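Step one of this worksheet: look at the structure below.
What you are looking at is a predicted structure, and each value in this text was computed from that prediction instead of being measured. Every chain is numbered from 1 and lettered A, B, ... according to where its sequence line falls, protein lines coming before strand lines. Computed over heavy atoms, backbone and side chain alike; hydrogens, waters and symmetry mates excluded.
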Amino acid sequence: MSWRSLPAVVGSDGGWDAMEQAVLARWREDQVFAKSLELRKDGEPFVFYEGPPTANGRPGSHHVLSRVFKDIFPRFQTMQGRFVERRAGWDCHGLPVEIEVEKQLGISGKPEIEAFGIAEFNARCRESVSGYLDEWERLTERIGFWVDMSTAYRTMDATYVESVWWSLAALWDKGLIYEADKVVPYCPRCGTALSSHEVAQGYKDVDDPSIFVRFPLTDDPTLSLLVWTTTPWTLPSNQAAAIHPNVTYAEVDNGGDRLILAKALVDKVFGEGTPVVREIAASDLVGRTYDPPFPFVPGAHRIVSADFVTTEDGTGIVHIAPAFGEDDMAVGRANDLPLTNPVDKQGLFTEQITGFAGRFVKDADRDLIADLNSRGRLFRELTYTHTYPHCWRCATPLLYYAKPSWYIRTTDVRERMMELNQTVGWHPSRVRDGRFGRWLEDNVDWAISRERYWGTPLPLWRCDECSQITAVGGFDDLRAKAVNPPGEDFDPHRPYVDDVVVRCACGGEAHRVPEVIDVWYDSGAMPFAQQHYPFSGEQALEGKFPADYICEAQDQTRGWFYSLHAEATMLFDSVAYRNVVCLGHILDTDGQKMSKTKGNVIEPWTVLDKYGADPFRWYLLTAQQAGESFRFSLDAIEEAMRRFLLTVWNTYSFLVTYASLPDGWSPEMGAPEVADRPAIDQWALARLDETVDEVTAQLADYDAATAGRAIANFVDELSNWYVRTCRRRFWRSDDRADQQAAFATLHECLATTAKLLAPFCPFLADEMYVNLVAAHDSAAPSSVHLVDWPTSGGRADPQLVHAMDEVRRAVSLGRSARKEAKIRVRQPLAEAVVACAPADAAAMDAHTGLIADELNVKSVRFVTDPADLLHVTIKPNYRTLGPRFGKSMPDVATAFGALDGPTVVNALDGGDSVSITVAGESHAIGGDDVLREVHPSEGYVVANDGPVAVGLATELNDDLRLEGLAREVIHAVQAARKAAGLRVEEHILLHLDGSGAIREAVHAHGAHIQSETLSDEISIGHGAPFAGIHREEHVLDGEPLAVRLDRVATAG
RNA sequence: GGGCGAUUAGCUCAGGUGGUUAGAGCGCAUCCCUGAUAAGGAUGAGGUCCGUGGUUCGAGUCCACGAUCGCCCA
């Protein structure tokens, strides 16, 4: 049982990476992840769901972000004793996969896919999704994301598809699935509808006609509605004119031309100051009919009311063609308008449109406008520049076009979804009622069908005879209902499933509807589909549903977060997850989204190879509140590494270095009881306990950033206060008990920090733990990831912590004063005077030695009487007085102005009461109501910070001068030692050649110089007794000093 | 066009329930230490808290409007 030597991680390229690789190898060899699960298998389950990524592309830095957050809380909960199964998953279906395969095959569009053959095409899709699996697995392991990939669920597996079928059949039985027309963006050239994802890729700026058209009223043909549209080709299909119920309309006489439009738009359309003949309420218009712009299509041609109408553009009267717009369709449904569509699948007008039949609609715009004009219907024609979606494949302008689709009636459970959402712990919390809550409020039925190939087939069979739908809820169900039942190794994908014919209740034969389902439904089904529920048994979800925790980026609000929530609500009347962390996006240094086209993407392996996984993880977990976006750069990682990870490492390295020395220490040697250790040790342990409590609370609340900052603060104080001020106790101590106390204290702080750090930086934490704990205790678990989460030892001590804060402030002020006086720290001074309130003086009194050491002064004196060497002024404490006096605060401030600072402070410190007069009444004020400020007075160099000031006696006597000089000598010798290339523990022979004050100083402090420089012999004078291995010259306080040293031959 | 969020030092970010001196790191300047040493530390300079109104005795913090950036949706 002994200390292992440390790998070099500082200053060596790839050092950190090598350290992590060694840890990784050990995890692999010892099966540590599997052991961590085995260890907790009887613990209360903590359910985690992995949102399945699509594995048909390389993982990027944003995937590292979500995977790191998916890792930290399960690790934390595991250490807390919970059993956290972590099963990976892969999203296999969908358009992105199909597009990838189309590219590979060099084909494009549905006709070409069908010509190629669906069976072969889908086989290629199946292969394609596993193409990047190796890379995903390699990255996942390297970043330390513990998830079981060997048992990963795949949405394309037959068992998975079967569970999805079960759920869809269940929804069908509840009457929640229906078929209806839906307006979709449609490419007439490719003959296919496009997903929103595809539409988003194809926006372009285009010029379209913008026309104002007269719709004469039936009951008054000399009066016309003025209607504005940018799609003239939809005017033949006009069914209605929509107006807003709360907008006031107006009649305008434009040179005998009587027109109606929104009153607010009169000036915009006709010019400033155009007179309004009369105002017309919307209610006076609704229901009236008009003469349609074209005679081809029969219909209502009626004025209807609709909320979406605005007075931003146009005339406030909107042309409605229900087949060609989502709003139009909704208005059509609400008003029972006929759905007429005189445009075929190639985007050509049908025979119904006399004179235009067979023409591509967009190309007919010009002639349609001319036709309107010839009949006196055109009021005005302009050109309108706007962004309009085009097919990303062939650049054809998309048409919005009504097509039949399958829907899930999620609006039936909207209220319930909103109720259940209230019980979900969202992080950040605003998402609950913000982005997600709003989404639920605006919920519309879920369009789940896709006219594609590679997806879960919609398990609905339509009878050729009676058109009745038969829903199939599983493979056995299908075999029971089929005319030609499939065999055991049935692939439920297209085209095979399409060949299965089902016997309808009417006796007719039913064929499957052609659609597959939205991939989001697949992923939302993972809670039960990954278990093959219910085919694997009704109990299959026990302890596995709902999830305690999931995590994804915020773009999943309408994706996975929604599909999980909707399906769980409809199928189980339950939430799917109790807690969800919703992450922000990764941006580049300029705040721009990373994208391949901008060339600003940082590949994860770049970071991992250069810095390692822990620095990457630490940065992602703590640099920003989860939910906010990151400004990401390699420099930012480097800063995180240097500022935190290397500080931890140096502190750890310090302990191991000195503990390993012959007169060092190891945990089995023990140490004095905490109560018998110095105050500084008790302070460190008090801070440790505070930190443990804080980190535990924050991680339990899914706040990694705040928890991480608490660790970082502690580590900073441990390194820059505890270790720095205690350094000598470790390596040269005459007091063995004190040395052991120091080692034991630092050891406990670091061992516990390793445990706190385990969920954040699992590599560093394990490296530290193994060396600090496991290497000394054969009974201890072999990895930090197998230990219990630390608990605080009840040693929190707010008073001690406060006192130390005051000490540090006093030291800081003292250094500031030294700088002011231009006196270096090596020069000892006689006295530091700390001026403050009696309570603070009492707190600091136990630590005067520390202050003296840090400031290099002989003594520390407290001054609490303000009359002594400092002037004291007072101010009202608004925080305590504000609530008491409210509006009278200005009077209070005035009353304070009349008080004499020193008098008040003396009275309060002496226990007397002080009162002020406000609005004629006397009020007693206490110590807390007064803020004191001290100001420097003569004679001392003083630095002050509010209620505390530190003064230094700058006058030097001979003793102080000589001592300062002796330290200069030591400094010179140490520089020489280093220049000579000596090891720190090597002893030397030392000869100094100097005169005057230097010689005096060496005589006075020779023993000290000797011990500090490890000089077995010291001599001073001209002419050295030995040649030595090194000689150098210095000038101290204007006097020359030559240093000569020689190595002491060590026996053996 | 709608929703959500952000805007604090040159840069990256902290700043419960409003309280009068707005903090940290990096960078910069000056310096210290030289037994944590291919490291470490200190002291400084640096801010109209995006803007304009409002509520309040008091606003970085609450409200309204606007600007810019990001995300989602249309």
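Shown here are the ring pair (Phe, Tyr, Trp, His ring centres under 6.0 Å) partners of His1030(A), two or more places apart in sequence or in another chain: there are none. Residues satisfying the side chain to side chain donor-acceptor pair (under 3.5 Å) test with Ser816(A), not counting sequence neighbours, are none. Residues meeting the salt bridge (charged side-chain N to carboxylate O under 4.0 Å, His left out) test with Asp17(A), sequence neighbours left out: Arg142(A). For Arg879(A), the salt bridge (charged side-chain N to carboxylate O under 4.0 Å, His left out) criterion is met by no residue, not counting sequence neighbours. Taking the salt bridge (charged side-chain N to carboxylate O under 4.0 Å, His left out) definition, one finds that Asp328(A) meets it with nothing, sequence neighbours left out.
With rounding to whole Å, Leu881(A) atom CG is found 16 Å from G18(B) atom C1'. Residue His244(A) contributes atom NE2, which lies 14 Å from atom C1' of G1(B) at whole-angstrom precision. Rounded to an integer number of Å, the gap from NE2 of His585(A) to P of C69(B) is 19 Å. In this structure, CZ of Phe896(A) is placed 14 Å from C1' of G19(B), rounded to the nearest angstrom.
The side chain of Val723(A) approaches A36(B) more closely than any other nucleotide in the set G27(B), A36(B), C4(B). Which of G40(B), A42(B), C4(B) sits closest to the side chain of Ser812(A) comes down to A42(B). Side chain of Lys819(A), nearest nucleotide from G40(B), U43(B), C72(B): U43(B). Proximity note for Arg727(A) (side chain, C-beta onward) versus A36(B), C73(B), G41(B): the nearest is A36(B). Listed nucleotides G35(B), C32(B), G44(B) differ in distance to Ser816(A); the shortest reach to its side chain belongs to G44(B).
Aromatic pair Phe714(A)/Tyr722(A): ring centres not closer than 6.0 Å.
Nucleotides A36(B) and G19(B), compared at atom P, are 43 Å apart to the nearest Å. Nucleotides A59(B) and G44(B) are separated by 29 Å at their P atoms, to the nearest Å. Between U34(B) and A29(B), the distance separating the two C1' atoms is 22 Å to the nearest Å. Rounded to the nearest Å, the gap between the P atom of U61(B) and that of G53(B) is 14 Å. Nucleotides A67(B) and A24(B) place their P atoms 36 Å apart, quoted to the nearest Å. Spacing of P atoms, U17(B) relative to C63(B), comes out at 11 Å, to the nearest Å.
Listed by first and then second residue, the salt bridge (charged side-chain N to carboxylate O under 4.0 Å, His left out) pairs that reach into residues 882-894 of chain A are Arg884(A)-Asp929(A), sequence neighbours excluded. Counting only residues at least two apart or on different chains, no salt bridge (charged side-chain N to carboxylate O under 4.0 Å, His left out) pair has a member in residues 652-664 of chain A. Residue pairs meeting the salt bridge (charged side-chain N to carboxylate O under 4.0 Å, His left out) criterion with at least one partner in residues 970-979 of chain A, sequence neighbours excluded, do not occur; the list is empty.
Secondary-structure stems of RNA chain B, taken as three or more successive Watson-Crick or G-U wobble pairs (i with j, i+1 with j-1) under a 3.5 Å distance threshold, comprise B:1-7 with B:67-73, B:10-13 with B:23-26, B:28-32 with B:40-44, B:50-54 with B:62-66.
Salt bridge annotation for Glu854(A)-Arg808(A): absent, with no cationic side-chain nitrogen under 4.0 angstrom from a carboxylate oxygen. Taking the charged nitrogens against the carboxylate oxygens, Glu1012(A) and Arg728(A) do have a contact shorter than 4.0 Å, which makes a salt bridge.
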Enumerate all atom pairs, one protein N or O and one N or O from nucleotides 6-15 of chain B, separated by less than 3.5 Å.
{"unit_1": "U12(B)", "atom_1": "OP1", "unit_2": "Arg631(A)", "atom_2": "NH1", "d": "3.0"}
{"unit_1": "C13(B)", "atom_1": "OP1", "unit_2": "Arg631(A)", "atom_2": "N", "d": "3.4"}
{"unit_1": "C13(B)", "atom_1": "O3'", "unit_2": "Gln624(A)", "atom_2": "OE1", "d": "3.3"}
{"unit_1": "C13(B)", "atom_1": "O2'", "unit_2": "Arg709(A)", "atom_2": "NH2", "d": "3.3"}
{"unit_1": "A14(B)", "atom_1": "OP1", "unit_2": "Gln624(A)", "atom_2": "OE1", "d": "2.4"}
{"unit_1": "A14(B)", "atom_1": "OP1", "unit_2": "Gln625(A)", "atom_2": "N", "d": "3.4"}

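Applying a 4.0 Å cut-off to non-hydrogen atoms, the residues of residues 884-891 of chain A that approach RNA chain B are Gly886(A), Lys887(A), Met889(A), Pro890(A), listed by residue number. Residues from residues 965-981 of chain A placing a heavy atom under 4.0 Å of any atom in RNA chain B, listed by number, are His971(A), Gln974(A), Lys978(A).
If you check distances only, the side chain of Arg826(A) never reaches the base of C33(B) with a donor-acceptor pair under 3.5 Å.
Taking 4.0 angstrom as the limit, Lys875(A) places a side-chain polar atom (N or O) nearer than this to OP1 or OP2 of U21(B). In this structure, Ser653(A) does not reach the A39(B) phosphate: none of its side-chain N or O atoms is under 4.0 Å from OP1 or OP2. Put simply, Asn650(A) has no side-chain N or O that comes within less than 4.0 Å of OP1 or OP2 on A39(B).
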Check your understanding: Given Trp439(A) and Asn421(A), is the side-chain contact (heavy atoms from CB on, under 4.5 Å) satisfied, shown in steps?
Key -> CA-CA 11 Å; Trp439(A) 168 249; Asn421(A) 178 44; over 6 Å; no
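For the pairing with Tyr652(A), the side-chain hydrogen bond (donor to acceptor under 3.5 Å, both in side chains) check across Asn771(A), Thr753(A), Thr657(A) returns one residue only, Asn771(A).
Remark: the Asp928(A) side chain and the Thr880(A) side chain contain no N/O donor-acceptor pair separated by less than 3.5 Å.
We find the CG-CG distance between Leu1045(A) and Leu982(A) to be 6.0 Å, quoted to the nearest 0.5 Å.
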